[in-house]
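First the proteins, then the strands, lettered A, B, ... as listed; each starts at 1.
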Amino acid sequence: MARRIQLSSPSPSSIEPDDGAVDRILGGLNKEQRAAVTATDGPVMIIAGPGSGKTRTLTHRIAYLLATGKARPHEIIALTFTNKAAREMRERVQRLVGDRTRGMWMGTFHSSFARLLRREIDALGYSSDFSIYDTDDSKKIIKQQMNRLQLNTDEVKPRSVQRTISSAKNQMVGPNEYSSMAHGRLQEATAKVFPAYEAALKRANALDFDDLLLKPVTLFNQEPDILERYQERWQYVHIDEYQDTNHVQYVLAKQLAGKHKNLCVVGDDAQSIYAFRGADISNILSFERDYPGATTVRLERNYRSTENILQLADSIIDQNEDQLEKTLWTDNDQGEKILLTEALSEKDEAKKVEQKIRDLQLREGLNYSDFAVLYRTNAQSRAIEEALRRENVPYRVIGGVSFYQRKEIKDVLAYLKLLVNPNDRASLERVINYPTRGIGAKTQERLRNYAREQSISLWQAVEQVEQIDTLSTRAQNAVGKFRFLIAKYMGQVDTEPVDELTRELIQDAGVLSELRKEHTRENLRRWENVQELVNGIAEYTASSDNATLSTFLQEVALLTDLDGDDDPDQVTLMTLHASKGLEYPVVFVTGLEEGLFPLAKATQERTELEEERRLFYVGVTRAEQWLFLSWARNRYRYGKQEHNTRSRFLDEIDSSVVSTAGGGRLRQKKNRFSSSSSGGTDNYDDMDPHYYRQNLRGNSSKSKKRRTTRTVSNSSSRSSKNSSGRRVVYDEGEGAIVPGVRVEHGKFGEGKVQSVEGSGDRATAVVFFGGDIGNKKLKLKYARLRVIG
DNA sequence: CCCTGTGTCGTCATT
DNA sequence: CGACACAGGG
């Protein structure tokens, strides 16, 4: 993970042109691409279809600036949307101009501006050690604030409020402005929470994802000097995937390029698939109006796909009303027809995909890494994974639950965040009783109350726990021990090497022993993940002198996954969204069913349906040689079997380039979903989850009860197997409770002690009772066991 | 105070 | 199905 974290180093002083490199850079480009690369004065917009060398053009432009000496590395900033795109772009530029790239800023919007804030945020009254809150942290804070404001979290869900606040921030609507225009239950609740949420973040010295973009705008507005410094510094601003910028990003671009106007953006309106998170397609549609005198270059030649694939893609996007004029063409071969497969179930679909992969791999001599399987939702990966695993086809899944979102990783990171930023309340609450150390919900509530009454932070309340008289001595002691633990390592943050500090801390805090307590596969994996994190920290801190724990935590908050081994021979599984910008010789687009793709929710509004369609377009244009489409008649969703009809998209496509698995041609229904209102209702009931829930509610509870009875005995017998712990004597006066002795219990009768764990109040014993009771885990403090022999 | 079992609920895509 | 909240017993 450390590899991708780049820190600035001084640019080389020499900016002599490198003519050889310039030739190399312009050499492989077509006329249009070359025009885009060399138009270095003034705003440029590159409108480009899929497979047209979009990113290539951008990287060559940057390399061109460097090679000609028009710009020094630190005068360039390039912004992308994913870490992967940034990394690839940097590698490509490096390949072209070598270490002339040092000092160049190239990264995602979020990480670039987090980095900027680290340097400048004290002007806004934050400290540079700010924590970055992810969506879960934000949700937690919002929920707390809602409780405080006595808003009913059943009526209005914290998650909805969080989304609403987030989109307000993305449109640069502040709490005040928001409350004046709020109407409806959700918006009114949001209006109340919004200011409280902002205040809570401020108190915690924390920024959420949206703040990472919003605060720089505020900063630039508030401190024109700072803005001018950066405008001066970055002579050249580049933005990839411009169609996905939201309003804040748009404003930031405008601010940064405000002086030199050397803004170069690349985008394809037909690939805009992030409107749901505030991407504003009008940013690209109105570029020429916003930047008068802009050079617009259209890249319409496709180098990637076969004629057939392109024709199919064309027939998809033609259905959309909103789009810029653009005609894609290619010189590539016609290629094979696109194969459409109808499957009985998602298992059947997965099997057919797997068979096709092995078949093609053998017949065409392809590598596994030449294949990509795409789907609409992450949950769909499961069936595919199972099928591939069964036949030992190597694969990797992109996205899903990423490394940094794993609980065990977030726990360790929370400890570290707390050390750096003790005001970070979300992190404090996360770890204060993990692993359990006797600071339960009640104690925490009392701490919170005290903090509020005294207007101090929660950590300060922890620091002065002895003064909190609502707490029992026992609770005070527990909190005191925790305070000692944290304070000890806080003192070492600046002196001790970070990886060693982390290792000692998680040992000391009991995180490691917590993970090793039960030897399950899951725990072993968690333990390994934590070790991996520590390794990552070591690697990171070794990479540079400026790499502190604080910067590590900020960088890591913005990464979604480990930087995997780049190119092992594996099939790639990912969502359609994640596939943007990538290409593969063979692509499967799966799950083409009404209700799934397009999603049922997206079929009401034309704009949403068009976004789904663009997503389909993105998917099929990833393919170079072979493209497979499939759908399944039956599919498990929400734990229930669902019957589906095939996607309307399949009725829209150009059937002349499609063949079906049976060998026949694709028979399409025209105008299945006419634009008139109640078009699709006849099979709507089939796919609406609420319909199911209502109908199934009747007998579900009964069957569940029966199932749980069995679970009880299962789980207690499992715990007996695992409790091979140390033998701890618990003296109840009448005799020691140790493994082997016979005891009597008020309810369960006579039994035999199997094992004992823990000590003092926390001691527990596993006792085997006769009959159908079996093993029971008993807390000695409550169970009042009497030793009888 | 902590754990376990039981019931509920929602589900998309990302930094 | 799986994540989560909550109640109640240990």
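In this structure, NZ of A/Lys442 is placed 11 Å from C1' of B/dC1, rounded to the nearest angstrom. In this structure, A/Gln380 atom CD and B/dT11 atom C1' are separated by 13 Å, rounded to whole Å. To the nearest angstrom, P of B/dT15 lies 14 Å from OH of A/Tyr404. At whole-Å resolution of the value, CD in A/Gln162 and P in B/dT15 are 15 Å apart. The distance from atom CD of A/Glu386 to atom C1' of C/dC1 is 13 Å, rounded to the nearest whole Å. One interatomic measurement links the two molecules: CD of A/Glu445 to P of B/dC1, which rounds to 10 Å at whole-angstrom precision. Between the C1' atom of C/dC1 and the CD atom of A/Glu642 lies a distance of 13 Å, rounded to the nearest Å. Computed from coordinates, the A/Ile398 CD1 to B/dT15 P distance equals 11 Å when rounded to whole Å.
If you run ring pair (Phe, Tyr, Trp, His ring centres under 6.0 Å) between A/His577 and each of A/Tyr375, A/Tyr274, A/Phe81, only A/Tyr274 comes through.
Of the possible polar contacts, none joining the A/Ser427 side chain to the A/Asp424 backbone as a donor-acceptor pair under 3.5 Å is found. Judged by distance alone, the side chain of A/Thr108 and the main-chain N or O of A/Thr82 form no donor-acceptor pair under 3.5 Å.
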Short N/O separations, protein against nucleotides 3-7 of chain C, under 3.5 angstrom:
none

List every contact pair, protein side and nucleotides 12-14 of chain B side both N or O, where the distance is under 3.5 Å.
residue: B/dC12; atom: O2; partner: A/Arg376; partner atom: NH1; Å: 3.4
residue: B/dC12; atom: O2; partner: A/Arg376; partner atom: NH2; Å: 2.7
residue: B/dA13; atom: OP1; partner: A/Asn378; partner atom: N; Å: 2.9
residue: B/dA13; atom: OP1; partner: A/Asn378; partner atom: ND2; Å: 3.1
residue: B/dA13; atom: N3; partner: A/Arg376; partner atom: NH2; Å: 3.0
residue: B/dT14; atom: O4'; partner: A/Arg277; partner atom: NH1; Å: 2.8
residue: B/dT14; atom: O2; partner: A/Arg277; partner atom: NH1; Å: 3.0

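In this view, A/Arg159 satisfies the salt bridge (charged side-chain N to carboxylate O under 4.0 Å, His left out) rule with no residue, not counting sequence neighbours.
Among the protein residues, A/Asn433 comes within range of the sugar-phosphate backbone only, with heavy atoms under 4.0 Å from sugar or phosphate atoms but none that close to a base. At a threshold of 4.0 angstrom between heavy atoms, the contacts of A/Leu576 with the nucleic acid are absent.
Considering only the side chain of A/Arg382, C/dC1 comes nearest among B/dC2, C/dC1, B/dG10.
Remark: A/Lys215 fails to qualify as a cation-pi partner of A/Phe130 under the 6.0 Å distance and 45° angle criteria applied to the six-membered ring.
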task: Show your reasoning for whether side-chain hydrogen bond (donor to acceptor under 3.5 Å, both in side chains) applies to A/Asp210 and A/Ser166.
output: CA-CA 7 Å; A/Asp210 304 314; A/Ser166 174; 2.8 Å; yes

Chi angles and distances behind the salt bridge (Lys or Arg N to Asp or Glu O under 4.0 Å) call for A/Lys347, A/Glu386: CA-CA 9 Å; A/Lys347 273 190 176 173; A/Glu386 274 168 22; 5.6 Å; no

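Between A/Arg635 and the phosphate of C/dC1, there is no side-chain N or O to OP1/OP2 separation shorter than 4.0 Å.
By the 4.0 Å N-to-carboxylate-O rule, A/Arg430 lies too far from A/Asp137 to be salt-bridged with it. Look at A/Arg406 and A/Asp411 and you find no salt bridge, because none of the NZ, NE, NH1 or NH2 atoms lies under 4.0 Å from a carboxylate O.
Place A/Leu558 and A/Thr443 on DNA chain B by their nearest nucleotides, and A/Thr443 ends up nearer the 5' end.
Using atom C1' as the reference point in both C/dC4 and B/dA13, the two lie 22 Å apart (nearest Å).
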